[in-house]
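Sequence lines set the chain letters: A, B, ... in the order given, protein chains first and strands last, and positions in each chain run from 1.
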Protein chains: 2
Amino acid sequence: MTDERPAPAAPAAGLRERKKRRTRDALLRAALLLFIAQGYEQTTVDEIADAVDVSQRTFFRYFANKEEAVFAVQDLVESHFVAELRARPATEGPLRAMRAAVLAAWDTVEEALSDVVPVELYMRSYRLIESTPALLAVHLRRSTELEERISRLIAEREGLDVDGDPRPRVAVAAFSGVMRVTGRLWGQGEDTSVAAIRRMTEAYLDQIGPALAADWRTAPPVART
Amino acid sequence: MTDERPAPAAPAAGLRERKKRRTRDALLRAALLLFIAQGYEQTTVDEIADAVDVSQRTFFRYFANKEEAVFAVQDLVESHFVAELRARPATEGPLRAMRAAVLAAWDTVEEALSDVVPVELYMRSYRLIESTPALLAVHLRRSTELEERISRLIAEREGLDVDGDPRPRVAVAAFSGVMRVTGRLWGQGEDTSVAAIRRMTEAYLDQIGPALAADWRTAPPVART
DNA sequence: AGGCTAGTGACAGCGACTGACACTTCACAG
DNA sequence: CTGTGAAGTGTCAGTCGCTGTCACTAGCCT
């Protein structure tokens with residue numbers, strides 16, 4: 001989806017190219033900062049364009065809509081996760097591989113998007129998404145697209161056909177469901193650090209087994225928050 | 001969330017009330033029919049209002065936005081599911097109860113919304129949701145709200161605290177994830193019947209266990225679609 | 001140097017939504 | 001019954017996201 005980018009740190013191309021990239025980056029940063037400062041809905045596209053000193057029309061030439069500006073960074077992080085998942089050894093089972101990939105991804109987000117925006121800004125925009133209904137809705141839809149991508153990847157790892165065997169999609173669905181809960185709770189919590197979300201992710205993933213047991217009364221609960 | 005409705009089949013109140021209900025129902029039906037006939041985005045609020053012979057402003061007095069018209073029926077179905085879940089005996093474990101509730105809900109949707117719209121219309125609108133990105137996004141957000149509601153219900157059944165024990169949310173998340181996949185695949189499939197989605201639901205839910213096993217190579221795959 | 005074209009600004013227009021206000025019509029007390 | 005208040009509606013004007021069009025400027029390439 002974003003794989004045709006020349007290179008993460010593109011070596012200077014023509015002057016035109018560089019100029020384009022600069023306006024795009026400027027728009028992106030301005031948008032995120034404004035959204036975070038005054039809220040997504042409270043920020044008009046005109047404001048963003050004015051902040052960068054371009055016309056509104058130009059904003060829409062770079063981003064199909066207001067949302068797209070928000071999810072540009074999210075895109076990077078997701079690709080980063082997929083890359084980590086691809087890197088997992090084939091010996092790991094599906095759940096194990098996904099779990100390892102998310103955790104590894106959190107450990108290395110910083111470098112993954114250092115060129116574009118500081119992690120701090122990403123974490124803030126992630127919280128913005130979680131707390132803005134319109135953005136959350138889009139985020140969830142995009143997540144299902146990511147899920148499909150992951151399902152195919154998992155199926156491939158296991159040498160299966162996604163359409164012939166329900167297990168890849170089911171496993172990914174269950175996994176993603178848990179990730180969702182994690183994201184939501186992190187968004188509501190106090191600790192906005194990467195460490196916090198990593199910790200919560202780990203804790204919740206570990207509960208999949210116990211949670212699906214037929215009877216909870218025999219298994220031990222685990223404190224958290 | 002929709003629990004303060006006077007009664008499913010409200011006995012005639014004042015004339016004003018009845019008139020109100022009639023315009024609302026008319027708007028709802030007109031909206032759904034138009035959406036299905038020509039697509040959600042291709043239908044303007046003006047068209048809907050004109051079809052019922054009221055002003056655009058009036059439409060927005062009944063529905064906060066265009067989307068809301070689509071999800072009014074969905075609301076009924078979801079409440080229906082929750083009711084079925086409430087009715088499950090406390091002896092059933094969480095997963096077992098949720099599974100039984102969905103299936104029972106599908107078996108009785110027809111009566112559940114017969115007063116408002118024919119099931120056929122609901123199934124069509126559900127497909128519309130699945131195939132319209134903007135609607136799907138909202139649907140998913142609403143689903144997470146439903147999930148939270150269910151999580152609390154499950155926690156209550158088991159005598160647990162949702163915030164103290166992750167298992168209710170994790171179990172519901174996994175369950176819902178699978179339901180999502182089912183809905184999506186049904187939406188893409190040929191068979192648009194209630195029976196079809198019920199059948200798929202059952203089949204996919206049965207795959208949760210096998211899908212979460214560490215190693216899939218030992219377990220048997222199951223053909224489908 | 002000079003033509004080509006990508007990137008932009010200015011402008012006009014549509015559709016979703018909102019606020020304000022005036023008007024009609026039901027509800028209900030007297 | 002009737003007068004009065006409030007509920008429900010229409011009209012109008014305005015904001016904002018987003019799109020099409022067109023003319024213009026400035027890198028690009030020969």
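Phosphate proximity of dG8(D) to Y62(B): absent, as no side-chain N or O sits under 4.0 Å from OP1 or OP2. The side chain of K19(B) contributes an N or O atom lying less than 4.0 Å from OP1 or OP2 of dC26(C). For the OP1/OP2 pair of dT9(D) and a distance below 4.0 Å, the side-chain nitrogens and oxygens of T23(B) include at least one atom meeting the criterion.
Atom CD of Q56(A) is separated from atom P of dC16(D) by 10 Å (rounded to the nearest Å). Rounded to a whole Å, the CZ atom of R22(B) is 14 Å from the P atom of dG8(D). Between R61(B) atom CZ and dT18(C) atom C1' the separation is 10 Å, expressed in whole Å. Separating the CD atom of E41(A) from the C1' atom of dT18(C) is a distance of 14 Å, rounded to the nearest angstrom. Atoms CD (E67(A)) and C1' (dG17(D)) sit 10 Å apart, rounded to a whole Å. Between E68(B) atom CD and dT18(C) atom P the separation is 11 Å, expressed in whole Å. In this structure, I48(B) places its CD1 atom 8 Å from P of dA16(C), rounding to the nearest Å. As rounded to whole Å, 18 Å separates atom P of dC14(C) from atom CZ of F60(A).
When the nearest nucleotides of DNA chain D are assigned to E17(B) and V45(A) by heavy-atom distance, the more 5′-ward of the two goes with E17(B).
With respect to E202(B) and R99(B), a salt bridge is recorded, a charged nitrogen being found less than 4.0 Å from a carboxylate O. In summary, E148(A) and R169(A) engage in a salt bridge, as defined by a charged side-chain N under 4.0 Å from a carboxylate O. Ion pairing of E130(B) with R180(B) is present here, as a side-chain N (NZ or NE/NH1/NH2) and a carboxylate O approach within less than 4.0 Å.
The base of dA27(C) has none of its N or O atoms less than 3.5 Å from a complementary donor or acceptor on the side chain of R16(B). The base of dG7(C) is not paired with the side chain of R57(A) by any donor and acceptor separated by under 3.5 Å.
Comparing dG17(D), dC21(C), dA16(C) by their nearest atom to the side chain of K66(B) picks out dA16(C). Minimum atom distance to the side chain of T58(B) is reached by dG10(D), of the listed dG10(D), dC17(C), dG17(D).
Using a 4.0 Å heavy-atom distance criterion, T44(A) is classed as a sugar-phosphate-only contact.
Summarising the local packing, CD of E110(A) is surrounded by 12 or fewer heavy atoms from other residues, nucleotides or ligands at distances under 6.0 Å.
Within the 6.0 Å centre-distance limit, the rings of Y126(B) and W186(B) are counted as a close aromatic pair.
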